[in-house]
A.B. asks: 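Have a look at the structure that comes next, please.
Owing to the predicted nature of the structure, the values given are computational and were not obtained by experimental measurement.
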Amino acid sequence: MTVKTGIPGLDAMLFGGIPDGNQVVIAGGPGAGKTLISFEYLYRNAKAGNPGVYFALEEDPERVLMEAKAAFPELAADIDDLISKKKLIIDGKAPTEKLLAGADPSGYEFGKVVSEIEGLVKSIGATRVVVDSASILNILISDQVAYRRSMIEFINDMRRMGVNALLTMEASTPERSKLEFKPEFFIFDGIISMYQTGEEEKRIRAMEVIKMRGTRHSFVTTPYEITPGGFKVFSAEDTTLY
């Protein structure tokens, strides 16, 4: 069984969608659209009857909502409707508030983040989760062994709850030719990488499925655009098949 992202070109790149139970990293540099594509994934799934939780670790949830509506004005009315019907929840921010207040990062246990997400999932019966950005969790847990162990526990918790999660992470560079993956990327079932190439005034956005356990996927680096009605991914595969 596969979980459709609801973005036709991306689902075509995935030969139908993300295998159910897979936990996936969306990696990219600033401006690539990691937050927006993750938000659209939740929106499309909520519209299809799969409630979702957006857990913002860096930005105020209200700002996330405002920016999503600004980027996708054609979807704004539906977004409000889904939120009012508890099909979509946007929450989070507590870890960042602690950091800004000068608190010891280790004082906010990773487990508390997971507990908050679990509570939100149970409150609406969510089957889709986005964590944006998971990069801040590395700040909350400075010991790399403990951080890796905690990320594995998070993956297992999401699977136990029957949730498919997308976690955004900052890439080391927006350029594909210079990309280096952090070790924790490889504990996830899938990696989708978003790039920006070319000169400043002629930037081209493109994405690539680096890996996706349990399914075939495209190996073509595919251009995309962010339009008022959502992402347009120019897949080499036939989108009508998926």
A.B. asks: Could you tell me if the side chain of Ile191 sits less than 4.5 Å from the side chain of Val24, heavy atoms only?
C.D. replies: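 Contact flag for Val24/Ile191 side chains = no.
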A.B. asks: Should Phe186 and Ile210 count as side-chain neighbours, where that means a heavy-atom distance under 4.5 Å?
C.D. replies: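 Side-chain contact under 4.5 Å: no.
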A.B. asks: Using every non-hydrogen atom in the two residues, find where Asn22 and Met212 come nearest and quote the distance to one decimal.
C.D. replies: ND2-SD, 3.5 Å
A.B. asks: Considering only heavy atoms from C-beta outward, does the side chain of Ile37 approach that of Ile7 to under 4.5 Å?
C.D. replies: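 Of all side-chain heavy-atom pairs linking Ile7 with Ile37, at least one is under 4.5 Å.
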A.B. asks: Start with the C-alpha distance between Asp189 and Lys211, add both sets of side-chain angles, then the distance that settles salt bridge (charged side-chain N to carboxylate O under 4.0 Å, His left out), and finish with yes or no.
C.D. replies: CA-CA 8 Å; Asp189 302 298; Lys211 77 167 185 177; over 6 Å; no
A.B. asks: Any sub-3.5 Å donor-acceptor pair from Glu208's side-chain atoms to Thr222's backbone N or O?
C.D. replies: no
A.B. asks: Run Phe188 and Arg213 through side-chain contact (heavy atoms from CB on, under 4.5 Å) and show every step you take.
C.D. replies: CA-CA 9 Å; Phe188 289 89; Arg213 291 175 184 151; over 6 Å; no
A.B. asks: If you define the side chain from C-beta out and look only at heavy atoms, does anything of Phe55 sit under 4.5 Å from Leu120?
C.D. replies: yes
A.B. asks: Hey, are the side chains of Pro61 and Val64 touching, using non-hydrogen atoms and a 4.5 Å cut-off?
C.D. replies: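 No, their side chains stay 4.5 Å or more apart.
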A.B. asks: If only atom types and distance count, is the side chain of Asn45 paired as donor or acceptor with the main-chain N or O of Tyr41 below 3.5 Å?
C.D. replies: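 It does hold such a pair.
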A.B. asks: For residues His217 and Val209, report the shortest heavy-atom separation together with the two atoms involved.
C.D. replies: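 In terms of heavy atoms, the two residues are closest at CE1-O, 3.3 Å.
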A.B. asks: How long is the straight-line distance from CD1 of Ile187 back to CG of Asn156, given to the nearest 0.5 Å?
C.D. replies: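 Separation between the atoms: 9.0 Å.
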A.B. asks: Is there side-chain contact between Leu88 and Pro51, with heavy atoms separated by less than 4.5 Å?
C.D. replies: no
A.B. asks: Closest heavy-atom contact between Phe15 and Ser218?
C.D. replies: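 Result for this residue pair: CE1-N, 3.5 Å.
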A.B. asks: For the residue pair Ser235 / Glu237, report whether a side-chain donor-acceptor contact shorter than 3.5 Å exists.
C.D. replies: yes
A.B. asks: How long is the span from the OG1 atom in Thr35 to the OH atom in Tyr54, to the nearest 0.5 Å?
C.D. replies: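 Here the rounded value is 4.0 Å.
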A.B. asks: Going from CD on Glu225 to CD1 on Ile204, what distance comes out if it is rounded to the nearest 0.5 angstrom?
C.D. replies: 10.5 Å
A.B. asks: For Arg63, is the CZ atom crowded, meaning more than 12 foreign heavy atoms sit under 6.0 Å from it?
C.D. replies: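 Count not over threshold, so no.
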A.B. asks: When you check the side-chain N and O atoms of Asp11 and Thr5, is any donor under 3.5 Å from an acceptor?
C.D. replies: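 The criterion, which ignores hydrogens and geometry beyond distance, is satisfied for Thr5 and Asp11.
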A.B. asks: Atom CG in Asp132, atom CD1 in Ile90: separation rounded to 0.5 Å?
C.D. replies: 11.0 Å
A.B. asks: Passes side-chain contact (heavy atoms from CB on, under 4.5 Å), Phe72 versus Leu36? Steps please.
C.D. replies: CA-CA 9 Å; Phe72 304 137; Leu36 291 176; 3.9 Å; yes
A.B. asks: Taking NZ in Lys47 as the centre, count heavy atoms belonging to other residues, nucleotides or ligands within less than 6.0 Å. Is the count above 12?
C.D. replies: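 Result for NZ/Lys47: open.
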A.B. asks: Surrounding CZ of Arg160 (heavy atoms of other residues, nucleotides or ligands, distance under 6.0 Å), is the total greater than 12?
C.D. replies: yes
A.B. asks: Check whether Ile83 and Leu75 end up in the same hydrophobic cluster, where Ile, Leu, Val, Met, Phe, Trp and Tyr are linked by side-chain heavy atoms less than 4.5 Å apart.
C.D. replies: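 As far as the 4.5 Å side-chain criterion goes, Leu75 and Ile83 are connected within one cluster.
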A.B. asks: Do Leu42 and Leu82 have side chains that approach each other closer than 4.5 Å (heavy atoms only, starting at C-beta)?
C.D. replies: no
A.B. asks: Counting only N and O atoms by type, is there a donor-acceptor contact under 3.5 Å from the side chain of Lys34 to the main-chain atoms of Gly28?
C.D. replies: yes
A.B. asks: Just by distance, do the side chain of Gln23 and the backbone of Ile152 share a donor-acceptor pair under 3.5 Å?
C.D. replies: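 The answer is no, because no donor-acceptor pair under 3.5 Å joins these two groups.
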A.B. asks: If you compare all heavy atoms of Ala134 against all heavy atoms of Leu167, which two are closest, and at what distance to 0.1 Å?
C.D. replies: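 Heavy-atom minimum between the residues: CB-CD2, 3.8 Å.
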A.B. asks: Please test Met66 against Glu62 for side-chain contact (heavy atoms from CB on, under 4.5 Å), starting from the C-alpha separation and ending with a verdict.
C.D. replies: CA-CA 6 Å; Met66 179 183 70; Glu62 288 299 321; over 6 Å; no
A.B. asks: Which distance, rounded to the nearest 0.5 Å, do you find between the OG1 of Thr227 and the CD of Glu74?
C.D. replies: 6.5 Å
A.B. asks: State, yes or no, whether a side-chain contact exists between Glu170 and Pro30 at a heavy-atom distance under 4.5 Å.
C.D. replies: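 They are in contact (side-chain heavy atoms under 4.5 Å apart), so the answer is yes.
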A.B. asks: Check for a donor-acceptor pair, side chain of Asn164 on one end and backbone N or O of Val129 on the other, with a separation under 3.5 Å.
C.D. replies: no
A.B. asks: Go through the steps for Val121 and Val163 under the test side-chain contact (heavy atoms from CB on, under 4.5 Å), then give the verdict.
C.D. replies: CA-CA 9 Å; Val121 166; Val163 168; 3.9 Å; yes
A.B. asks: Could you tell me whether the side chain of Lys87 and the main chain of Tyr43 form a donor-acceptor pair under 3.5 Å?
C.D. replies: no
A.B. asks: Short question: side chain of Arg205, backbone of Gly31 - any donor-acceptor pair under 3.5 Å?
C.D. replies: yes
A.B. asks: Let me check something: do Met207 and Tyr242 share a hydrophobic cluster, defined by ILVMFWY side-chain heavy atoms less than 4.5 Å apart, either directly or through other members?
C.D. replies: no
A.B. asks: Rounded to the nearest 0.5 Å, what's the gap from CD1 on Ile226 to CZ on Phe231? Could you check?
C.D. replies: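 Going from the CD1 atom of Ile226 to the CZ atom of Phe231 covers 4.0 Å.
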A.B. asks: Which heavy atom of Met158 sits nearest a heavy atom of Ala165, and at what distance?
C.D. replies: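 Closest approach of Met158 to Ala165, heavy atoms only: CG-CB, 4.2 Å.
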A.B. asks: Do you know which two heavy atoms are closest between Tyr147 and Met169, and how far apart they sit?
C.D. replies: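 Minimum heavy-atom contact is OH-CE, 4.1 Å.
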A.B. asks: Same cluster or not: Val220 versus Met13, using hydrophobic residues (I, L, V, M, F, W, Y) connected whenever any side-chain heavy atoms lie under 4.5 Å apart?
C.D. replies: no
